[in-house]
Amino acid sequence: MRALEIAGLEKSYLTPDGEKHTVVRVPEFALDAGAHIALQGSSGSGKTTFLHLIAGILAADNGRIRIAGEEITGLSEAERDRARAQHIGYVFQTFNLLQGYTALENVTLAMRFGAGVDRAKAESLLERVGLGDRMAYRPRQLSVGQQQRVAVARALANGPQLVLADEPTGNLDRTHAFEAVDLIREVCRENEAALLLVSHDAAILDRFEDRRAFTDVNQTGDGQQSGMAGAGA
């Protein structure tokens with residue numbers, strides 16, 4: 001079974017002088033259920049836009065995106081939001097935690113957009129990421145590494161088939177970065193979730209068996225590949 005299938009995906013923007021600038025052009029991309037892939041791309045190469053298209057945060061100009069067999073292109077914004085809650089977990093670089101809520105509340109709030117709040121499951125996820133004694137803490141009371149762990153638990157709250165991680169270690173030191181990536185992968189395996197992670201950090205990418213250059217996936221501009229050069233293993 002495929003967790004993700006993409007064909008003919010395109011997204012463009014108008015520059016201030018009115019010219020069309022294509023940011024994403026992905027002819028074909030697929031991710032099997034339970035597979036883990038890391039994409040290497042430089043800042044400005046379009047990788048965040050790519051993830052936002054997959055997640056339904058942005059609407060594609062052209063192409064097809066199927067998540068766990070469900071076609072999301074062509075859906076309304078509200079319908080894409082529902083599909084994201086049902087199928088996708090997203091780990092943001094900046095965590096995007098709600099500062100006025102506890103770690104537990106951040107996880108249970110995410111559940112409200114899915115099948116419903118399951119407090120026992122939320123507590124279990126936080127225990128699994130090593131925050132069993134920090135559930136009542138608010139983000140500002142947690143270290144950066146602990147906030148990242150809350151973000152991982154939240155991303156898995158609704159049992160997603162696909163987890164997207166956008167530079168998830170960008171705010172962490174090297175030791176905590178390695179720990180965070182290993183944790184994301186381990187929890188994804190336990191939940192049989194596919195993982196697509198994007199990063200510019202070669203040391204992080206080297207922890208993946210399947211790593212690819214984003215320029216091998218995203219082809220923009222008159223048939224030429226744009227963005228960061230380099231080959232994935």
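The closest donor-acceptor contact from the side chain of Arg138 to the backbone of Gly100 lies under 3.5 Å. Using a distance-only test at 3.5 Å, with no hydrogens or angles considered, a donor-acceptor pair links the side chain of Asn106 to the main chain of Thr102. At distances below 3.5 Å, at least one donor-acceptor pair connects side-chain atoms of Ser199 with backbone N or O atoms of Asp201. Remark: the backbone N or O of Ala213 is not paired with any side-chain donor or acceptor of Gln40 at under 3.5 angstrom. Between the Lys11 side chain and the Thr49 main chain, no donor and acceptor come within less than 3.5 Å of each other. Asp216 places no side-chain N or O within 3.5 Å of a backbone atom of Arg212 that could act as its donor or acceptor partner. Using modelled atom types, no side-chain atom of Arg2 and backbone atom of Glu5 make a donor-acceptor pair closer than 3.5 Å. Between the side chain of Ser143 and the main chain of Gln146, a donor-acceptor pair closer than 3.5 Å is present.
The list of side-chain hydrogen bond (donor to acceptor under 3.5 Å, both in side chains) pairs with a residue in residues 107-119, not counting sequence neighbours, reads Arg119-Glu123. Residue pairs meeting the salt bridge (charged side-chain N to carboxylate O under 4.0 Å, His left out) criterion with at least one member in residues 78-99, sequence neighbours excluded: Asp81-Arg84.
The line from CG of Leu39 to CZ of Arg211 is 12.5 Å long, rounded to the nearest 0.5 Å. A distance of 10.5 Å separates CZ in Arg154 from CD in Gln147, rounded to the nearest 0.5 Å. A distance of 5.5 Å separates CD1 of Ile65 from CD1 of Ile6, quoted to the nearest 0.5 Å. Taking CG from Leu195 and CG from Leu162, the interatomic distance works out to 8.0 Å, rounded to the nearest 0.5 Å. Atom NZ of Lys47 and atom CG of Asp166 lie 7.0 Å apart (nearest 0.5 Å).
A heavy-atom distance below 4.5 Å is not found between the side chains of Gln86 and Gln161. Using a 4.5 Å heavy-atom threshold, the side chains of Val150 and Pro139 count as separate. Counting heavy atoms from C-beta outward, Val163 and Leu196 have side chains that stay 4.5 Å or more apart.
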Please test Phe29 against Leu9 for side-chain contact (heavy atoms from CB on, under 4.5 Å), starting from the C-alpha separation and ending with a verdict. CA-CA 9 Å; Phe29 184 81; Leu9 182 64; over 6 Å; no

Walk me through whether Glu19 and Tyr13 qualify under side-chain contact (heavy atoms from CB on, under 4.5 Å). CA-CA 8 Å; Glu19 293 185 5; Tyr13 296 100; over 6 Å; no

Show the numbers, then the answer: is there a side-chain contact (heavy atoms from CB on, under 4.5 Å) between Val107 and Leu126? CA-CA 8 Å; Val107 177; Leu126 286 169; 4.1 Å; yes

Report the C-alpha distance between Phe208 and Leu197 in whole Å, list the side-chain angles of each, state the deciding distance to 0.1 Å, and finish with yes or no for side-chain contact (heavy atoms from CB on, under 4.5 Å). CA-CA 10 Å; Phe208 284 76; Leu197 177 145; 4.0 Å; yes

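Asp133 pairs by the side chain to side chain contact (heavy atoms under 4.5 Å, CB included) definition with nothing, not counting sequence neighbours. For Arg207, the side chain to side chain contact (heavy atoms under 4.5 Å, CB included) partners are Phe178, Asp182, not counting sequence neighbours. For Tyr137, the side chain to side chain contact (heavy atoms under 4.5 Å, CB included) partners are Arg134, Gln141, Leu142, not counting sequence neighbours.
For the pair Arg149 and Phe95, the cation-pi test (distance below 6.0 Å, angle within 45°) is failed.
Hydrophobic clustering (side-chain heavy atoms under 4.5 Å, transitive across Ile, Leu, Val, Met, Phe, Trp, Tyr) groups Leu125 together with Met135.
Aromatic ring orientation, Phe50 versus Phe214: tilted (interplanar angle from 30° to 60°).
For Asn158 against Ala110, the heavy-atom pair with the smallest separation is ND2-O, 3.1 Å. When all heavy atoms of Ala83 and Glu70 are compared, the pair lying nearest together is CB-OE2, 4.0 Å. Contact record, Leu172 with Gln148: CD1-CG, 4.1 Å, taken as the closest heavy-atom pair.
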Mind listing the side-chain donor-acceptor pairs of residues 54-63 below 3.5 Å, one per line with the distance, residues two or more places apart or on another chain?
unit_1 : atom_1 : unit_2 : atom_2 : d
Asp61  : OD2    : Ser12  : N      : 2.7

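Checked by atom type, the side-chain pair Thr175/Asp173 shows no donor-acceptor distance below 3.5 Å.
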